[in-house]
Amino acid sequence: MCGIIGINSNRPVSVSIINSLKKLEYRGYDSAGIATLSDGLINEVKSEGRVDNLEKNSLIQSMNGTIGIGHVRWATHGAPNSINAHPHSSQNVSVVHNGIIENSTLLKKYLIGKGHKFKSQTDTEVIVHLITENLKNENIAESIKKTLKALHGSFALGIIFKDQPDLIIGARRGSPLAVGYGPNENYLGSDSYALKSMTNKITYLGDGEFCILKKDFVEFFDEEGNKINKKVLELSSDEKKYDKGDYKHFMAKEIEEQPLTLKNGIKEYIDSRNNDINIYNFPWKKSELSSITLIGCGTAYHSCLMAKYWFEELTSLNVSVDIASEFRYRKNRFKDDTLYTFVSQSGETADTYAALDICKKANMKTCAVVNVIESSIARDSDFVLPIHCGPEVGVASTKAFLGQILILYMLALKIGSIRDDIKKSIFNEKLKNLIDLPKLAEKTLATDNKIQSISSIFNDVKGSMFLGRGYSYPIALEGALKLKELSYVHAEGYPAGEMKHGPLALIEEGLPVVVLAPRDNYYKKTISNMQEVIARGAKVLLITNKSKDEVLSENIWETIEVETTNEDLLPFLLTIPLQKLAYYSALKKGFDIDKPRNLAKSVTVE
Ligand code: M6R
């Protein structure tokens, strides 16, 4: 992961670098650092922990360089401390890096042989010494080209040089990097968001490209060092959406924003006057598709799993689902009539991008369901379906999940109707239900007080289980993931019908088990599975939907009821109490909700 920033200006840049680093903290928050050039020297200041710590460092005040680079780190090589924090510098060169250098051990050995001394345990430091070594015999451009060629793995780099008061080099392979243009100054950043307060004029570096960034101009080069022209994009400004407002945490705000996410998605895609779903410019004819493969990581993978149930129910397509980090290394049997669909909030997840890249190289049909429409996955897919939920800042994905499953549901419905897999009357009925969904989500959000007190169930427990069947199974997985990442409680998501094939052995007196049993096709089966865990001492929290019929089971510890709608849409509503359970449980424990330990919002390394 990690976030990088570079500014080349006529004014002191350290304050602006720190401000941009705060915006990049979603990429990592183990340590932060900055290096500027002044009086022909590289000055470096680094701190363990958050950017706030770096900002408080008294040495920052005296940094008056007009050119500099900064970094927030998510540790891959070496502990998260101030020595391993970036930038890493020799006397001549200073480097910030996002990515992983896979041949760093070999390169380090070679460089030590040449007399270079290493201070950190990072892979990044080899880049510093390699450039320094190459500079002995080459000019800057040649030494950079030679260095980049020698590196295996992924990187986005920002580099400054002691003897070059008007030069930042930016380079990327795998990890994303953007250039921004300002008045008499130019910028480098891991994303456009970090640069937004300074400019909305952006160019994204392509894979393998590098740039020479001066105060007054920027030049771009391909992997071979040939000069290339790049487009400048003008981005719209949505700064306000990054504000927490009155909420204590971004996550709390993002949970509450979910009815709006649904409303926006519906407004964007549903033509209620003509009872239709508009997916404009879909590039393939129905005869060209006979299957769909859905690929993602983490929560986005759960969206894919959810979509599998809908695609199977509503269309005649063959459906498969894959975890991106598995897909990218498997021997895939690519098929021309398959739509490879990549689901990602950030659009920058390294494994998902790599899976897309493999499909593109095999000339497959690719589609992206993303939130960040300027992202690499969106830019490099044949077709993009944006989820329109606005920036998601909390590391735990909430509104993006609902946004993703909404788009995937509408895609399934649309494909099902085009292929005549579902009757028009059923399509119309489902569309009507969908239009009512935001209201139901709003009502479901109102069950707040009960969930707050129930969330104590996860205090001081050894573990917990989340069970569901059918449509509720992917939601059980998502509920368990939310609890793990926020409350640091072991949580296992399981298909309820599988319990007797092993996991039932885990059930003991008082173990919290969250059972998702909405009144759908699976209801009776799930209730039976629930009784089996109750009989073995589990403390069961049942999540179902409102109904005139009472739940026929004894000894349920607590019940939460969400609003009622058709079976397809219940997963949207069941998700909400699970997000809140995880949120309140972490809140009670005093954990950092928006930045849980060891995680980052955008996983841009393998
Ligand atoms: O940006 P992406 O949707 O591609 O991210 C994928 C996962 O890293 C992400 O969903 C992660 O699992 C979340 N932290 C879960 O809340």
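Indexing begins at 1, ligand by ligand and atom by atom, following the structure's order.
Distance from atom 16 (O) of ligand 1 to its nearest protein heavy atom, with residue and atom name: Glu485 OE2, 2.3 Å. The nearest protein atom to atom 2 (P) of ligand 1, hydrogens excluded, is given as Thr349 OG1, 3.2 Å; this is a heavy-atom distance. Closest to atom 7 (C) of ligand 1 among all protein heavy atoms lies Cys297 O, 3.5 Å.
At a cut-off of 3.5 Å, with distance as the only test, no side-chain donor of Asp520 or Tyr471 sits close to an acceptor on the other residue. In this structure, a donor-acceptor pair under 3.5 Å is present between the side chains of Tyr280 and Asn278.
Taking every heavy atom of Lys482 and a limit of under 4.0 angstrom, the matching atoms of ligand 1 come to 15 (C), 16 (O). Ligand-side atoms of ligand 1 in range of Val603: 8 (O), range being under 4.0 angstrom from any heavy atom. Of all atoms in ligand 1, listed by their number and element, those nearer than 4.0 Å to a heavy atom of Gly298 are 12 (O). Remark: ligand 1 atoms within the under-4.0 Å shell around heavy atoms of Ala300 are 3 (O), 10 (O). Near Ala396, the atoms of ligand 1 lying under 4.0 angstrom from a non-hydrogen atom of the residue are 16 (O). Atoms of ligand 1 lying under 4.0 Å from any heavy atom of Thr299, numbered from 1 in the order shown and given with element: 10 (O), 12 (O), 15 (C), 16 (O). Heavy-atom contacts of Ser397 reach the following atoms of ligand 1: 15 (C), 16 (O) (cutoff under 4.0 Å). Close approach to Ser346 involves these atoms of ligand 1, each under 4.0 Å from a residue heavy atom: 1 (O), 2 (P), 4 (O).
Between Asp123 and Ile101, the closest heavy-atom pair is OD2-N, 2.8 Å. Closest non-hydrogen pair, Glu392 versus Thr398, comes out as OE2-N, 2.8 Å.
Judged by distance alone, with hydrogens and angles left aside, the side-chain atoms of Thr366 form a donor-acceptor pair with the main-chain N or O of Asp382 at under 3.5 Å.
In this structure the side chain of Leu573 reaches within 4.5 angstrom of the side chain of Leu437, judged on heavy atoms.
Between Phe458 and Phe466, the ring-plane angle classifies as parallel under the 30° and 60° cut-offs. The aromatic rings of His86 and His71 lie parallel to each other, with less than 30° between the two planes, well short of the 60° mark.
Closest to atom 3 (O) of ligand 1 by heavy atom, among Glu392, Met251, Gln345, is Gln345.
Not a single N or O atom of Lys601, backbone or side chain, sits closer than 3.5 Å to an N or O atom of ligand 1. Ligand 1 has a nitrogen or oxygen under 3.5 angstrom from a nitrogen or oxygen of Val395. Here's the thing with Thr352: none of its N/O atoms is less than 3.5 angstrom from an N/O atom of ligand 1.
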Would you sort out whether Arg172 and Asp207 count as a salt bridge (charged side-chain N to carboxylate O under 4.0 Å, His left out), showing the intermediate values?
CA-CA 6 Å; Arg172 92 159 260 214; Asp207 212 32; 3.6 Å; yes
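Remark: Lys230 engages Glu209 in a salt bridge, criterion side-chain N to carboxylate O under 4.0 Å.
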